[in-house]
Number of protein chains: 4
Amino acid sequence: MKEFGEHGYSTGSLNTIAREAGIAKGSLFQYFNDKLEFFAFVCDEASRRIREEMERRMAAIDFDQQFDEWLFDVMCDWSEYMEAHPLERGVTAATNFELDNSVRSVVRDTANQHYLQVIHPTLQLWQEKGQIRADADLEVLATTILALLPFLALAPYYDGLDPIHGLRGRTPAQQRPVIRQLIAGYRPMFAPEK
Amino acid sequence: MKEFGEHGYSTGSLNTIAREAGIAKGSLFQYFNDKLEFFAFVCDEASRRIREEMERRMAAIDFDQQFDEWLFDVMCDWSEYMEAHPLERGVTAATNFELDNSVRSVVRDTANQHYLQVIHPTLQLWQEKGQIRADADLEVLATTILALLPFLALAPYYDGLDPIHGLRGRTPAQQRPVIRQLIAGYRPMFAPEK
Amino acid sequence: MKEFGEHGYSTGSLNTIAREAGIAKGSLFQYFNDKLEFFAFVCDEASRRIREEMERRMAAIDFDQQFDEWLFDVMCDWSEYMEAHPLERGVTAATNFELDNSVRSVVRDTANQHYLQVIHPTLQLWQEKGQIRADADLEVLATTILALLPFLALAPYYDGLDPIHGLRGRTPAQQRPVIRQLIAGYRPMFAPEK
Amino acid sequence: MKEFGEHGYSTGSLNTIAREAGIAKGSLFQYFNDKLEFFAFVCDEASRRIREEMERRMAAIDFDQQFDEWLFDVMCDWSEYMEAHPLERGVTAATNFELDNSVRSVVRDTANQHYLQVIHPTLQLWQEKGQIRADADLEVLATTILALLPFLALAPYYDGLDPIHGLRGRTPAQQRPVIRQLIAGYRPMFAPEK
DNA sequence: CATGAATGAGGCTTCATTCAT
DNA sequence: TATGAATGAAGCCTCATTCAT
């Protein structure tokens with residue numbers, strides 16, 4: 001996760017991985033047929049960990065509040081999780097920044113499934129609770145959140161992702177106003193008529 | 001543009017570029033000190049071309065309509081431009097998918113400046129025209145559009161970018177319903193009270 | 001036989017053999033001390049099979065005819081056998097095309113012994129029957145036949161072995177005219193005076 | 001020529017070649033796209049040298065004698081040439097012992113062309129001179145000689161090629177009786193009626 | 001007797017960059 | 001200004017063999 005997270009698929013070095021892991025180069029190929037299979041495994045593993053941890057955290061968040069408040073809490077947790085887990089964050093970057101389609105399609109589909117299996121039911125639940133307007137477009141909302149997640153995860157650590165709010169370099173605590181601003185901006189998309 | 005657009009910075013090969021351009025490998029280094037300087041130049045050039053062409057096209061779009069109608073026209077133009085210009089699209093992908101921060105910061109800032117110098121004044125103009133609600137958050141709107149542009153540019157051509165609306169593989173004409181849906185979804189963010 | 005026959009000794013892979021055989025890599029070394037011993041066993045086995053089958057077939061061929069007619073029948077059988085037994089044919093190629101002397105000497109001597117133990121007595125028999133001229137040089141005849149056998153076995157399946165008669169790609173039936181032509185050409189070497 | 005001649009295509013090492021040539025590994029690829037292209041070049045070069053030298057020598061051989069005497073002289077020259085040129089001999093072995101069809105077809109066709117462009121016209125010439133029987137089959141004769149050449153070139157230096165006459169280890173001078181015996185054995189194939 | 005993970009040397013090839021011409 | 005051969009490090013991957021289980 002460290003090597004691939006820092007350098008991505010094509011620039012990540014199996015030699016380096018073997019050296020830092022203290023095993024022989026050839027040993028890597030006992031478990032994976034080639035570099036791509038290895039990378040895919042690492043990405044799957046990271047996606048799974050991220051999802052499991054986030055589900056655990058979300059279960060602890062107060063469900064008896066307005067949707068935008070709840071979303072704010074979730075996104076702050078997300079922000080803190082990513083700050084505390086540089087390995088998972090690195091792999092998230094590696095999958096989001098992969099250019100090669102044949103590599104990308106292998107790793108992105110898995111990640112997207114994990115995300116959507118959380119996002120879709122959650123949005124429906126909130127709509128049923130009446131906290132999301134009945135005529136809101138859940139697909140557009142899901143797309144927005146699906147884009148917001150890597151944005152919040154990476155913008156504080158990678159240059160050029162957020163030239164508007166200036167997330168780059170901010171701690172999770174310092175990110176909170178921006179998160180609040182973004183959710184407030186999106187609020188009309190889902191907010192029920194008063 | 002072809003080589004870097006297809007393979008990105010680190011995987012793009014100067015050997016290949018020289019070979020396909022029909023010039024000597026050494027000649028590249030007459031004009032650029034190293035690979036990064038070359039890549040930066042290519043990205044700048046692409047960003048400039050994209051911006052100029054889009055400004056030209058936007059000037060031809062009817063300004064006497066509602067903001068969301070106008071935005072729809074612009075985004076359709078953007079979609080058609082990207083379909084017609086695979087080289088520029090490739091470089092767009094290469095800059096958006098670059099993982100290495102020291103490379104990324106060089107190319108993204110330029111691109112973002114180009115984008116924002118168009119987006120910011122435009123949004124202000126539409127707000128002054130009263131077509132964007134006075135209390136709408138122009139920053140969040142700008143961030144949304146800044147994310148929407150690469151999304152629409154790349155999702156039809158790269159796997160795993162849009163698992164919700166299924167833009168992958170669609171022609172510009174087939175993308176139009178999705179563009180309309182997205183803008184309709186975003187509409188409450190800026191739409192003036194009726 | 002499959003792996004060594006297709007790729008020869010040095011390029012043949014014990015890993016592949018174990019994988020395709022469905023046994024563990026280590027198990028190979030329970031029965032053979034090293035790769036060469038294994039290869040030698042496979043070649044011996046193939047030589048033995050080839051010899052036994054050809055002796056069986058030769059026993060069924062009419063012995064009451066002229067030597068060249070008989071030889072034609074034998075060679076056609078040989079041609080058909082090789083077509084029907086790609087594994088044995090492959091090993092034949094592997095032993096004939098082995099460059100490394102230390103490997104070659106191990107496998108060729110066995111094969112040659114098998115061939116000569118059939119060829120020598122047979123030629124003597126035919127000479128005693130008076131169908132081979134008394135002053136014919138049986139050694140040269142044996143050498144000729146010893147060269148003819150791999151030639152007929154492999155030329156239809158390997159490039160560049162027969163640039164004159166064009167055996168490459170021919171079915172056994174299509175090889176028959178060439179076989180007849182070759183034996184007719186050799187005929188003066190052994191034919192008794194009329 | 002040394003490395004490929006000793007170990008053949010697949011076992012020959014580019015690392016070794018570069019090291020013994022005193023150049024960098026990468027430099028090999030300035031002139032050849034891959035190993036096969038390199039090997040093909042080496043084989044072509046060797047074939048050309050062999051042909052040119054043999055044509056030079058054949059021009060010095062007395063043409064006013066019987067065909068079998070002339071052939072004996074040529075084959076003795078061939079035997080001496082191969083003894084004096086271990087590099088060319090090695091490459092000859094490498095092309096004759098190559099198992100991989102895709103490699104083999106590349107190098108054998110060239111070699112065969114060189115051989116046949118000498119053999120065919122020569123045989124015709126001798127037939128016109130009346131030294132080869134009018135009804136002799138020149139194709140079979142050519143095939144015989146085409147097989148005799150690598151046999152004489154390699155049998156003295158490689159195990160298991162000649163289990164009958166025992167050429168292995170013989171000097172050119174010691175090979176002469178065998179060469180004479182072989183040609184005497186083949187003589188009836190072409191000798192004119194007395 | 002069977003297993004299969006571990007090894008580490010070696011395989012071919014690509015790369016950005018230099019520099020003498 | 002243009003060239004392109006030379007470099008040598010680094011890339012991924014395969015290999016036969018060992019050995020503790």
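Labels below follow one simple rule: chain letters A, B, ... track the order of the sequence lines, proteins then strands, and each chain is numbered from 1.
- Within the 3.5 Å criterion, the main-chain N or O of B:Val107 finds no donor-acceptor partner in the side chain of B:Asn112.
- Proximity of A:Val106 to A:Val103: side-chain heavy atoms (C-beta onward) are nowhere separated by under 4.5 Å.
- Base pairing annotation: E:dA20 forms a Watson-Crick or G-U wobble pair with F:dT3, both donor-acceptor distances under 3.5 Å.
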Strictly under 3.5 Å: I want the nitrogen or oxygen pairs between protein and nucleotides 7-11 of chain E, one per line.
{"unit_1": "E:dT7", "atom_1": "OP2", "unit_2": "A:Ala24", "atom_2": "N", "d": "3.0"}
{"unit_1": "E:dT7", "atom_1": "OP2", "unit_2": "A:Ser27", "atom_2": "OG", "d": "2.9"}
{"unit_1": "E:dG10", "atom_1": "O6", "unit_2": "A:Lys25", "atom_2": "NZ", "d": "3.3"}
{"unit_1": "E:dG11", "atom_1": "OP1", "unit_2": "D:Ser13", "atom_2": "OG", "d": "2.9"}
{"unit_1": "E:dG11", "atom_1": "OP2", "unit_2": "D:Asn15", "atom_2": "ND2", "d": "3.0"}

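- Residues B:Leu14 and B:Lys35 meet the side-chain proximity criterion, which asks for heavy atoms closer than 4.5 Å.
- A sub-4.0 Å separation between OP1 or OP2 of E:dC1 and a side-chain N or O of C:Tyr31 is absent.
- In this structure, B:Ile17 atom CD1 and E:dC15 atom P are separated by 11 Å, rounded to whole Å.
- Atom CZ of D:Phe29 is separated from atom P of E:dT14 by 7 Å (rounded to the nearest Å).
- Between B:Phe29 and B:Phe38, the distance from one ring center to the other does not fall under 6.0 angstrom.
- Of all nucleotides present, only E:dG11 satisfies the Watson-Crick or G-U wobble test against F:dC12, with each distance under 3.5 Å.
- Aromatic pair A:Phe97/A:Tyr158: ring centres closer than 6.0 Å.
- Between C:Asn33 atom CG and F:dC19 atom P the separation is 14 Å, expressed in whole Å.
- When the P atom of E:dT13 is taken as reference, atom CZ of D:Phe38 falls 11 Å away, rounded to whole Å.
- Where B:Tyr9 and D:Leu36 meet DNA chain E, the nucleotide closest to each residue was compared, and D:Leu36 sits on the side nearer the 5' end.
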Is there a salt bridge (Lys or Arg N to Asp or Glu O under 4.0 Å) between B:Arg49 and B:Glu45? Walk through the geometry before answering. CA-CA 6 Å; B:Arg49 287 194 199 177; B:Glu45 181 70 10; 3.5 Å; yes
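- Among the atoms of the strands shown, none is found under 4.0 Å from any heavy atom of D:Phe32.
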